[in-house]
Amino acid sequence: MSRITDLQKNLFGGTTSNARQFGMIFTLVAIVLLFQIWTGGLTLTSGNLIAVVSQYSYILILAIGMLMVIVAGHIDLSVGSVAAFTGIVVAKAMQEHDVPWPLGILLGLLVGAAIGAWQGFWVAYIGVPAFIVTLAGMLLFRGGNQYIGNADTVPVPEGFRKIGAGFLPEVGPDTGYNNLTLLLGAAACAAVVWREWQARRTRLEMKADTAPLWVAGVRLAVMLAVIVFATLRFAGGRVGTSLPISGIILIVLVLAYSHYTRNTIGGRHIYAVGGNARAAELSGVKLKRVNFFVMMNMSVLAALAGMIFVARSSASGPQDGLSWELDAIAAVFIGGAAVSGGLGTVSGSIVGGLVMALLNNGLQLEGVGSDMVQIIKGLVLLLAVALDVYNKSRGRFSVTGTLMRPFRRDDPSGTATVPAQAPDADTAKVAG
């Protein structure tokens, strides 16, 4: 096998989790390079990258929860209204009742959990389709936001604003960079190297097919280069700015939910329900419990996203959360999720969200009007997915096809899902 074939198989079309993610990452890189040239180098400046994370972190948080909802075979149209409702409740509690901001955050999460339990009850135990339940929730909680807030803006205290507008503080000697961001970047590099070494050692011990060492080296070098570049960009912003606190929250959530969906029984059950709910139930999966959990989890993350947005805006208002659900759903589908459920990854959804965020940001940098931005985003979403589906039908290289190949029952590589088998490191679709 030639080196080019090795590289294509293991870096683009292989069946390991790292290889599948690279297809979507390169799509993102292409968009970044396009706007980097078009905007005269503004896209990859420290200030712009920090602004992108700060402005779009709440959509990426929503995409994490929306992925699990869609994988389970549902849809949630209420996330924007839930975020807005939570934001006004927390803002009112802190302003009118002198609730300390840490308790305000806890209150917001409890409000999200209560809303999620309400919607999850109707979906899981009454059997009303999630589309109808969340459509009703969209109207109900949008009206609740305007009723409680009297259609006015309600400011939030300074301490609360840090979760949406704060940055890692400046500590240690003057290095010209934010030292805490540098430390986080170094830790990320070490974690990537350790994970790659552990994964390779495990496959060798199991005598499984392993990518050639030089291919693993190329893959590792690319990942480390991306981490180092991002670290220097975020650490090199103007004094007082660095990696946003909202970005740190997002990173923690991505790591936690990636682990949950890949490596836990509960995560595997979500994929099993989305793949074939009846078969999953017959194999012992608690169908109602899974459906209740994904709906409740979505509302908790929507509440968190709403609080981050309010903190960044310094106030809660009646227009908060409008069309957020559409951005979250678009991010999940661009990231490789299947409309019918059962397929999709957290990392893919994050990459899909970044594609939409950087597309929106690049068009704004070029001074394109908001009306044209919406038109272009819609066309790009439609054409990107349509082209990918066309390539897959023609047997050509397809990002979606590459992402989905290990799940096909006729997959000749032998990686198709079988009951009670451990999931692939990036999909976890199996009936527990």
Test log, rule side chain to side chain contact (heavy atoms under 4.5 Å, CB included), inputs Val192 and Arg195
CA-CA 5 Å; Val192 167; Arg195 180 187 177 192; 5.8 Å; no

Got Ile248 and Leu243 here, is their nearest side-chain heavy-atom distance under 4.5 Å?
yes

Just wondering, do Ile163 and Leu304 contact through their side chains at under 4.5 Å, heavy atoms?
no

To the nearest 0.5 Å, what is the distance between CG (Leu107) and NE2 (His97)?
10.0 Å

Please name the pair of heavy atoms, one in Gly120 and one in Met295, separated by the smallest distance, quoted to 0.1 Å.
CA-CB, 3.7 Å

Closest non-hydrogen contact found for Asp76 with Gln119 is OD2-NE2, 4.2 Å

Ignoring hydrogens and geometry, is there a side-chain-to-backbone donor-acceptor pair from Glu325 to Gly80 under 3.5 Å?
yes

Could you give the distance from CZ (Phe85) to CZ (Phe141), rounded to the nearest 0.5 Å?
6.5 Å

Quick one: are Leu363 and Trp38 in side-chain contact, heavy atoms under 4.5 Å?
yes

How long is the straight-line distance from OG of Ser81 back to CE of Met138, given to the nearest 0.5 Å?
6.0 Å

Are any side-chain N or O atoms of Thr264 and backbone N or O atoms of Gly267, one a donor and one an acceptor, separated by less than 3.5 Å?
yes

Thr134 and Val69, any side-chain heavy atoms less than 4.5 Å apart:
no

Taking Thr86 for its side chain and Ala83 for its backbone only, find out whether a donor-acceptor pair lies under 3.5 Å.
no

Heavy-atom closest pair, residues Val99 and Met94:
O-CG, 3.4 Å

Flag yes if more than 12 heavy atoms outside Phe229 fall under 6.0 Å of its CZ atom; otherwise flag no.
yes

Under the rule for salt bridge (Lys or Arg N to Asp or Glu O under 4.0 Å), what residues qualify as partners of Asp327, not counting sequence neighbours?
Lys377

Kindly give the heavy-atom pair with the smallest separation between Val273 and Ala72, and that separation in Å.
CG1-O, 4.0 Å

On the 0 to 90° scale, with breaks at 30° and 60°, tag the Tyr257-Tyr260 ring pair as parallel, tilted or perpendicular.
perpendicular

Kindly write out the residues that satisfy side-chain contact (heavy atoms from CB on, under 4.5 Å) with Gln198, not counting sequence neighbours, or none if the list is empty.
Trp194, Arg201

Output yes when a side-chain donor or acceptor of Ser258 lies under 3.5 Å from a complementary backbone atom of Leu255, and no otherwise.
no

I'd like to know if the side chain of Asn48 reaches the main chain of Thr45, judged simply by a donor and an acceptor atom lying under 3.5 Å from each other, with no hydrogens or angles considered.
no

Under 3.5 Å, side chain of Asn178 to main-chain N/O of Ser242, donor-acceptor pair present?
no

Criterion side chain to side chain donor-acceptor pair (under 3.5 Å) on Asn360 and Tyr56, from CA distance to verdict:
CA-CA 10 Å; Asn360 194 71; Tyr56 296 99; 2.4 Å; yes

Supply the atom-to-atom distance Ser349 OG to Ile329 CD1, rounded to the nearest 0.5 angstrom.
11.5 Å

Would you say the side chain of Ile270 lies within less than 4.5 Å of the side chain of Thr261, judging by non-hydrogen atoms?
no

Quick check against the 3.5 Å criterion: does Arg142 have a side-chain atom that pairs as donor or acceptor with the backbone of Ser78?
no

Test side chain to side chain contact (heavy atoms under 4.5 Å, CB included) on Glu196 and Met223 and set out the steps.
CA-CA 11 Å; Glu196 185 74 15; Met223 290 189 288; 4.0 Å; yes

For Phe131 and Leu77, the nearest pair of non-hydrogen atoms, with its separation, is CE1-CD1, 3.5 Å

Quick one: do Ile70 and Phe333 satisfy side chain to side chain contact (heavy atoms under 4.5 Å, CB included)? Show the steps, please.
CA-CA 9 Å; Ile70 290 175; Phe333 286 138; 3.9 Å; yes

Between atom CD1 of Ile115 and atom CE of Met298, what is the distance when rounded to the nearest 0.5 Å?
11.5 Å

Using a 4.5 Å cut-off on heavy atoms from C-beta on, say whether the side chain of Val90 contacts that of Ile105.
no

Distance check, rounded to the nearest 0.5 Å: Leu358 atom CG versus Leu28 atom CG?
6.0 Å

Expected output: side-chain Ser54 to main-chain Ile50 donor-acceptor under 3.5 Å
no

Please tabulate, for side-chain N and O atoms in residues 57-67, each donor-acceptor pair with protein atoms closer than 3.5 Å (sequence neighbours left out).
residue: Ser57; atom: OG; partner: Val53; partner atom: O; Å: 3.3
residue: Ser57; atom: OG; partner: Ser246; partner atom: OG; Å: 3.2

Main-chain N/O of Leu326 paired with Ser323 side-chain donor or acceptor, under 3.5 Å:
no

More than 12 heavy atoms of other residues, nucleotides or ligands under 6.0 Å from NZ of Lys286: yes or no?
no

Does Val156 offer a backbone N or O that forms a donor-acceptor pair with the side chain of Arg161 under 3.5 Å?
yes

At their closest point, which heavy atom of Ala315 faces which heavy atom of Thr153, and how far apart are they?
CB-CB, 4.5 Å

Tell me, do Met307 and Leu109 make a side-chain contact under 4.5 Å, heavy atoms counted?
yes

I'd like to check Phe35 versus Leu365 (side-chain heavy atoms, cut-off strictly below 4.5 Å). Are they in contact?
no

How far apart are the C-alpha atoms of Leu168 and Leu184, what are their side-chain angles, what is the distance that settles it, and do they pass the side chain to side chain contact (heavy atoms under 4.5 Å, CB included) test?
CA-CA 11 Å; Leu168 286 178; Leu184 282 178; 3.7 Å; yes

